[in-house]
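Worksheet for the structure shown next.
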Amino acid sequence: MMTEREIRVRFAPSPTGQLHIGSVRTALFNYLFVKSGGGKMVLRIEDTDEQRSTEESLRTIIDGLRWLGIDWDEGPEKGGIAESYYQSERVEIHREYAQKLIDAGKTYYCDCTGDEGPTTCNCKNKDQEALKNSPNSVVRFNIPDGITEIDDLIRGKVKFNNLDIKDFVILKSNGNPVYNFAVVVDDITMGITHVIRGDDHLSNTPKQILLYKALGVEPPIMAHLPLILSPLGGKLSKRQIAKPQNTPDSQNYVPAVNVEWYCENGFLPEAFVNYLARLCWSNGTDEEFFTLDELIEKFSMKGISPTAALYDWKKLKWYNGNYIRNLSVERFIDECMPFFIKAHGKEAVDEKGEEWCSKLLPLYQERVEYFAEIGDKTKFYFERPVEFTPKDIKKVKWNDETRDLLKEFLLDICAKSDFTVENLESTINQFTEQKEIKLGRIMQPIRLAVSGTRATPGLYDVLNLIGKEETIERVKWFIDNVDVI
RNA sequence: GGCCCCAUGGUCUAGUGGUUAUGACGCGGCCCUCUCAAGGCUGUAACAGGGGUUCAAAUCCCCUUGGGGCUACCA
């Protein structure tokens with residue numbers, strides 16, 4: 001009788017750098033698939049590249065997944081049915097399986113150096129016994145003739161002619177397995193039923209299918225996700241984003257490819273997940289916002305688009321801004337505070353006091369798209385502006401008349417008001433009514449004098465936070481040092 | 001070069017033979033308004049091209065073009 005096999009998927013990163021956006025996307029879809037269908041997710045570390053694998057990198061991967069809420073059932077820090085979830089510790093198993101293939105006569109030894117040009121390796125016809133004993137020989141898998149077909153969950157049937165696949169190495173001359181072989185053995189021994197990975201692996205798939213067949217094992221179901229490409233074209237890599245035209249003000253700006261950066265710069269994991277999910281998946285409705293739980297509930301492979309998508313940093317920011325605005329004020333302050341402190345120093349922030357901070361920060365809840373932006377935007381509360389651009393000075397109509405207005409402002413309002421928000425509002429309003437001028441006529445020059453910019457939160461709040469004395473100092477300085485136009 | 005994948009506005013997408021071709025980001029305008037942001041309203045912009053199949057193609061087939069991936073004793 002057929003029993004339904006438990007669904008088992010795996011996410012198998014190699015710890016050779018930081019956690020890439022594309023990898024996280026793959027992890028996310030494995031997670032959504034397994035959580036929506038019921039099953040286990042395995043985290044396997046493919047650390048067989050001794051040169052490049054590092055402990056820090058492993059840490060980064062684990063921290064990144066945890067940050068996003070993508071949890072695994074078996075793997076590092078969890079254990080499970082396999083003796084190890086580190087590929088490097090599974091070499092004996094790989095060798096065992098390789099031996100099965102060798103014994104079955106499905107391989108041959110080869111000592112080609114590789115720099116023999118395009119000529120086909122002829123070792124198959126050489127003395128195998130001699131080759132076997134040569135320290136330089138590798139074990140190659142003998143590709144049988146025929147057609148290999150994949151029935152991909154996302155791409156449908158894909159056919160490959162085996163003639164196009166060359167006999168590849170499964171065991172290196174040092175006896176260690178090569179990637180395409182190790183994955184197959186690991187997926188078999190870990191009972192993986194569904195392989196969900198990036199489209200860049202599609203071309204490798206027939207090699208793996210052939211290996212499954214040679215080992216007499218039914219291959220898992222495949223699903224190849226569309227790639228996330230750089231808006232500059234090509235792979236989304238560090239090299240790509242380092243291109244000179246890729247500056248913050250350019251159309252195609254990408255700040256980073258590693259999730260760690262987004263965590264460090266104040267992105268909310270739920271926004272990041274939402275963006276990534278929505279990048280190549282849709283449930284056919286107009287909905288744009290999904291929590292992780294909603295994604296699990298609504299996820300279906302059918303909703304995955306087969307088309308590669310360009311990474312769009314502006315849309316990510318838009319998502320994040322939305323999630324930030326939806327935070328409670330208390331939580332916004334909590335989350336934003338570390339970035340605020342980092343920007344201005346603990347001492348300076350402490351000096352301003354908790355009450356001051358809890359008045360200031362909320363003003364920026366709808367003005368930052370990610371927390372790290374808080375630093376630049378609030379710099380002027382801590383440092384006097386000294387640079388004023390000609391454009392700003394002009395926009396603010398800085399002429400003799402305006403200067404006289406500001407002088408009166410100092411004498412009149414500053415003298416009378418104790419600088420509460422309410423007092424500032426009423427005195428400034430009285431002042432403009434009396435002078436029969438529009439609010440902006442005086443607000444804008446004051447704003448510039450006090451902040452160095454023409455864009456701040458409401459001026460009553462700003463002046464209240466800067467304080468009476470400091471406001472007077474700044475306005476005076478502006479009057480005395482900035483030439484009228 | 002060979003093999004493979006993909007193709008709706010600048011970007012992400014809805015659409016599964018008959019629609020004024022959906023929504024969102026971005027961008028522009030208007031409203032709100034002390035500026036900015038947020039918010040509201042609104043505008044811009046797409047079925048890559050050519051052949052078929054069909055009464056009828058964004059939707060099905062083929063070719064071309066374009067984009068992408070793979071092609072290691074890396075993973």
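So that the names make sense, note that chain A is the first sequence line, chain B the second, and so on, each numbered from 1. Computed from a prediction, not measured in an experiment: that's the story for all the values here.
Summarising the geometry, the separation between CZ on A/Phe290 and C1' on B/C12 is reported as 13 Å, rounded to the nearest angstrom. Remark: C1' of B/A24 and OH of A/Tyr275 are 12 Å apart, rounded to the nearest angstrom. Summarising the geometry, the separation between CD1 on A/Ile143 and C1' on B/C3 is reported as 13 Å, rounded to the nearest angstrom. Regarding A/Glu425, its CD atom lies at a distance of 13 Å from the P atom of B/U33, rounded to whole Å. A/Leu210 places its CG atom 20 Å from the P atom of B/C70, with the value rounded to the nearest Å. Atom CG of A/Asp312 and atom P of B/G23 are 19 Å apart (whole Å).
Residue contacts for A/Thr285: at a heavy-atom cut-off of 4.0 Å it reaches no nucleic acid atom on any strand shown. Looking at heavy-atom distances under 4.0 Å, A/Leu202 makes contact with sugar-phosphate atoms alone, never a base. Residue contacts shown for A/Arg447 include a base, since a base heavy atom lies under 4.0 Å away. Across all strands, A/Lys317 comes closer than 4.0 Å to no nucleic acid atom at all (heavy-atom distances). A/Pro457 comes within 4.0 angstrom of a nucleotide base, judged by non-hydrogen atoms across all strands. Residue contacts shown for A/Ser14 are limited to sugar-phosphate atoms, with no base heavy atom under 4.0 Å away. Within 4.0 Å (heavy atoms only), A/Lys395 reaches no atom of the nucleic acid at all. Among the protein residues, A/Gly234 comes within range of the sugar-phosphate backbone only, with heavy atoms under 4.0 Å from sugar or phosphate atoms but none that close to a base. Using a 4.0 Å heavy-atom cutoff across all strands shown, A/Lys438 reaches no nucleic acid atom at all. Base engagement by A/Asn136 is indicated by at least one non-hydrogen atom pair under 4.0 Å involving a base atom. Nucleic acid contact class of A/Glu46 (heavy atoms, under 4.0 Å, all strands): sugar-phosphate only. Contact annotation for A/Ser53: no contact, since no heavy-atom pair falls under 4.0 Å across all strands. Residue A/Asn204 is classed as a base contact, given a heavy-atom separation below 4.0 Å to a base. Here A/Tyr460 lies in heavy-atom contact (under 4.0 Å) with a base.
Nearer the 5' end of RNA chain B, as judged by each residue's closest nucleotide, is the contact made by A/Gln444, out of A/Gln444 and A/Asp47. Checking A/Asp164 against A/Val169, the closest nucleotide of RNA chain B that is more toward the 5' end is the one next to A/Asp164.
Side-chain polar atoms of A/His94 and A/Asp186 form a donor-acceptor pair below 3.5 angstrom. At a cut-off of 3.5 Å, with distance as the only test, a side-chain donor of A/Asp167 or A/Tyr108 sits close to an acceptor on the other residue. Of the N and O atoms on the side chains of A/Ser250 and A/Asn252, not one donor lies less than 3.5 Å from an acceptor on the other residue.
A distance of about 23 Å separates the P atoms of B/U13 and B/G18, rounded to the whole Å. Taking atom P on both nucleotides, B/A7 is separated from B/G26 by 26 Å, rounded to a whole Å. Remark: the separation of the C1' atoms in B/U8 and B/A24 is 15 Å, to the nearest Å. Using atom P as the reference point in both B/G39 and B/G1, the two lie 49 Å apart (nearest Å). Atom P of B/U44 sits at a distance of 15 Å from the matching atom of B/G29, rounded to the whole Å. Distance check on atom C1': B/C47 versus B/U16 gives 14 Å, rounded to whole Å. Nucleotides B/A75 and B/A58 place their C1' atoms 39 Å apart, quoted to the nearest Å. Comparing the C1' positions of B/A48 and B/G66 gives a spacing of 7 Å, expressed to the nearest Å.
By the 4.0 Å N-to-carboxylate-O rule, A/Arg384 lies close enough to A/Glu470 to be salt-bridged with it. Taking a cutoff of 4.0 Å between a charged side-chain nitrogen and a carboxylate oxygen, A/Glu56 and A/Arg59 do not qualify as a salt bridge.
Taking only side-chain nitrogens and oxygens, A/Thr456 never comes nearer than 4.0 Å to OP1 or OP2 of B/C36. Neither OP1 nor OP2 of B/C3 sits under 4.0 Å from any side-chain N or O of A/Lys166. Distances shown here put a side-chain N or O of A/Arg325 below 4.0 Å from the OP1 or OP2 atom of B/G39. Under 4.0 angstrom from either OP1 or OP2 of B/A75 there lies no side-chain N or O belonging to A/Thr16. Checking the phosphate oxygens (OP1, OP2) of B/C74, a side-chain nitrogen or oxygen of A/Lys172 falls inside 4.0 Å. Within the 4.0 Å cut-off from OP1 or OP2 of B/C70, at least one side-chain nitrogen or oxygen of A/Lys235 is found.
B/G43 is paired with B/C27 under the criterion used here, namely a Watson-Crick or G-U wobble arrangement in which both key atom distances are under 3.5 Å. Pairing for B/C3 is with B/G69, a Watson-Crick or G-U wobble pair whose two hydrogen-bonding atom distances lie under 3.5 Å. In this structure, B/G9 forms no base pair with any nucleotide, since neither Watson-Crick nor G-U wobble geometry is met with both distances under 3.5 Å.
For A/Phe160, the listed nucleotide lying nearest its side chain is B/C3; candidates were B/C3, B/C73, B/C70. Here the side chain of A/Glu366 is nearest to one of B/C73, B/A37, B/U35, namely B/A37. Across B/C25, B/C12, B/C70, the shortest atom-to-atom separation from the side chain of A/Lys314 is found for B/C25. Closest approach to the A/Val178 side chain among B/C6, B/U11, B/A75 is made by B/A75 (side chain taken as heavy atoms from C-beta onward). Checking B/C6, B/C4, B/G26 against the side-chain heavy atoms of A/Trp318 singles out B/G26 as nearest. Residue A/Glu288 places its side chain closer to B/A24 than to any other of B/A24, B/C12, B/C34. Counting only heavy atoms from C-beta on, A/Cys280 has its side chain closest to B/U13 among B/A37, B/A75, B/U13. Candidate nucleotides B/A38, B/C74, B/C5 were compared by shortest atom distance to the side chain of A/Asp49, and B/C74 ranks first. Nearest to the side-chain atoms of A/Pro306 among the listed nucleotides B/C6, B/C34, B/A75 stands B/C6. Considering only the side chain of A/Arg155, B/C6 comes nearest among B/A37, B/C6, B/U11.
For the pair A/Lys377 and A/Tyr364, the cation-pi test (distance below 6.0 Å, angle within 45°) is failed.
Aromatic pair A/Phe290/A/Trp281: centroids less than 6.0 angstrom apart. In this structure, A/Phe382 has its ring center closer than 6.0 angstrom to the ring center of A/Phe340.
In the interface, the side chain of A/Ser173 is paired with the base of B/C73 through a donor and an acceptor atom under 3.5 Å apart. Residue side chain A/Arg278 does not reach the base of B/C12 through any donor-acceptor N/O pair under 3.5 Å, judged by distance alone.
A/Ser57 places no side-chain N or O within 3.5 Å of a backbone atom of A/Thr54 that could act as its donor or acceptor partner.
A side-chain hydrogen bond (donor to acceptor under 3.5 Å, both in side chains) with A/Ser84 is found for exactly one of A/Glu89, A/Arg44, A/Arg90, namely A/Glu89.
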